[in-house]
Amino acid sequence: MEHTPQSPLTAIWTNVEDHALERQSPGLARARADATEAGIPQGSAAQAELLRALEHMVGATSVIVVGTGAVVETYQLLDGLDGHGQLTAVDSSAQGIAMIRSLLRELADSTQASLRAVSAPAKVFLPRLNAADYHLIVVAGDVDNYRATYEQAPRLLNKGGIIAFTDILALAGQTADYAAGDGVGMDDAPDTRKAGAMRQLLADVEEDERFESTLTPSGTGLLLAVKR
């Protein structure tokens, strides 16, 4: 396939991502490599850095990661807790939760944060959690994670808390084409169940008066919604 020359925007995306990859700690780089080798593609390094920065901005001490083998996001968010608080990882896939549990066991001795890895669908587990007890929720992976988490977010988040929807453009796996100069956007997403669900979710969140939201170009689209 011939690629068109990189536009300034795609060149910026590539350079920022490369820079974030270079900044990864040895432990994070190894975790990313292990997950990728196991057949669980990982999200953008720059996006994971941004999520950790948001964690500091809101002073988060209680974080939920709802994902499908979201190893990189879990690693960065645990690191951002600076050894305190609590992190809950929710993953209904057998392979994903096994990898998350292995990661948390590996990191447990280096932190005093409370760590919990739960093997359950988001729609089953999240309603059991205490209301207004969380500062940051990150959603990734399987399409079923998104709507279920969005429905619980207004109850779970405290005022000023953030829910971050990764891959909101449903382009995970196409980043190589993007970096090569084949610009992609929401209209270019495959006509899949996730693409349609993400379009509807974006519209619903932007119209939701309970949140102040913004769509960012980080990763394959990162939608941030702050609880009013």
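- Rounding to the nearest 0.5 angstrom, the gap separating the NZ atom in K194 from the CZ atom in R199 is 12.5 Å.
- Listed by first and then second residue, the salt bridge (Lys or Arg N to Asp or Glu O under 4.0 Å) pairs that reach into residues 79-89 are R52-D79, sequence neighbours excluded.
- Scanning for side chain to side chain contact (heavy atoms under 4.5 Å, CB included) contacts around T61 gives H135, with sequence neighbours left out.
- V205 is connected to L215 through a chain of hydrophobic side-chain contacts under 4.5 Å among Ile, Leu, Val, Met, Phe, Trp and Tyr, so both are in one cluster.
- Heavy-atom contacts from other residues, nucleotides or ligands closer than 6.0 Å to CZ of R228 number more than 12.
- Residues L126 and L77 do not share a hydrophobic cluster, defined by chaining ILVMFWY side chains whose heavy atoms lie under 4.5 Å apart.
- Identified under the side chain to side chain donor-acceptor pair (under 3.5 Å) test for residues 123-132, with sequence neighbours left out: none.
- In this structure, CG on L28 lies 11.0 Å from OG1 on T74, to the nearest 0.5 angstrom.
- Under the rule for a side chain to side chain contact (heavy atoms under 4.5 Å, CB included), the partners of A117 that lie at least two apart in sequence or sit in another chain are I97, I100, R101, L104.
- Here the side chain of R155 pairs a donor or acceptor atom with the backbone of L129 at under 3.5 angstrom.
- In this structure, the side chain of S110 engages the main chain of L107 through a donor-acceptor pair within 3.5 Å.
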Kindly indicate, with the supporting measurements, whether the criterion side-chain contact (heavy atoms from CB on, under 4.5 Å) is fulfilled by Y75 and Q24. CA-CA 11 Å; Y75 194 112; Q24 290 182 137; over 6 Å; no
With a cut-off of 3.5 Å and sequence neighbours excluded, list every side-chain donor-acceptor pair involving residues 37-44.
from : atom 1 : to  : atom 2 : distance (Å)
Q42  : OE1    : V71 : N      : 3.0
Q42  : OE1    : V72 : N      : 2.9
Q42  : NE2    : I40 : O      : 3.0
Q42  : NE2    : G69 : O      : 2.8
S44  : OG     : E17 : OE1    : 2.6
S44  : OG     : A46 : N      : 3.2
S44  : OG     : Q47 : N      : 3.1

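- Between A45 and L21, the shortest heavy-atom contact is CB-CD2, 3.6 Å.
- At least one donor-acceptor pair under 3.5 Å links the side chain of T10 to the backbone N or O of S7.
- Closest of all the heavy-atom pairs between L222 and I168 is N-CG2, 4.0 Å.
- Interatomic distance, CD1 of I163 versus CZ of F211, reported as 6.0 Å (0.5 Å rounding).
- In summary, the side chains of E206 and S213 do not present any donor paired with an acceptor at a separation below 3.5 Å, with no hydrogens or angles considered.
- Listed by first then second residue, pairs satisfying salt bridge (Lys or Arg N to Asp or Glu O under 4.0 Å) with a partner in residues 63-76 number zero, not counting sequence neighbours.
- No donor-acceptor pair under 3.5 Å is formed between the side chain of N158 and the backbone N or O of A132.
- How far CG of D34 is from CE of M99: 6.5 Å, rounded to the nearest 0.5 Å.
- Remark: the backbone N or O of V139 is not paired with any side-chain donor or acceptor of N145 at under 3.5 angstrom.
- Atoms OH and CG, on Y146 and L201 in that order, are 9.0 Å from each other to the nearest 0.5 Å.
- At least one donor-acceptor pair closer than 3.5 Å links the side chain of W13 to the backbone N or O of G219.
- The nearest pair of heavy atoms linking A170 to A195 is CB-CA, 3.6 Å.
- When side chains are defined from C-beta on, L78 counts as touching T111, because their heavy atoms get closer than 4.5 Å.
- In terms of modelled atom types and a separation under 3.5 Å, the side chain of K227 and the main chain of P154 share a donor-acceptor contact.
- Between the side chain of S92 and the backbone N or O of S119, no donor-acceptor pair lies under 3.5 Å.
- Every residue two or more places apart in sequence or in another chain was checked for a salt bridge (Lys or Arg N to Asp or Glu O under 4.0 Å) with E151, and none qualifies.
- Inter-residue side-chain proximity for E55 and L51 is flagged as unmet; no heavy-atom pair is nearer than 4.5 Å.
- Looking at V63 and I137, their side chains never come closer than 4.5 Å, going by heavy atoms from C-beta outward.
- A salt bridge (Lys or Arg N to Asp or Glu O under 4.0 Å) check over residues 108-122, counting only residues at least two apart or in different chains, returns nothing.
- The side-chain heavy atoms of V90 and V65, taken from C-beta on, include no pair separated by under 4.5 Å.
- Looking only at side-chain heavy atoms (C-beta outward), D204 and Y150 come within less than 4.5 Å of each other.
- Side-chain contact between V138 and V66 is absent, with no heavy atoms from C-beta onward closer than 4.5 Å.
- In the hydrophobic cluster analysis, where Ile, Leu, Val, Met, Phe, Trp and Tyr join through side-chain heavy atoms closer than 4.5 angstrom, L50 is grouped together with V58.
- The salt bridge (Lys or Arg N to Asp or Glu O under 4.0 Å) pairs that include a residue from residues 130-144 are D144-R193, where partners are two or more places apart or lie in different chains.
- Hydrophobic clustering of Ile, Leu, Val, Met, Phe, Trp and Tyr side chains at less than 4.5 Å, counting indirect connections, unites M198 with L202.
- Between the CG atom in D167 and the CG atom in L169 there is a gap of 7.5 Å [rounded to 0.5 Å].
- Legend: residues meeting side chain to side chain contact (heavy atoms under 4.5 Å, CB included) with N15, ordered by chain and number and at least two apart, are absent.
- Following chains of ILVMFWY side-chain contacts shorter than 4.5 Å, one cannot reach L224 starting from L156, and the two form parts of different hydrophobic clusters.
- Closest heavy-atom contact between S93 and T68: OG-CG2, 3.7 Å.
- For A120, the side chain to side chain contact (heavy atoms under 4.5 Å, CB included) partners are V118, F125, not counting sequence neighbours.
- Partners of Q95 under the side-chain hydrogen bond (donor to acceptor under 3.5 Å, both in side chains) rule, at least two apart in sequence or in another chain, do not exist in this structure.
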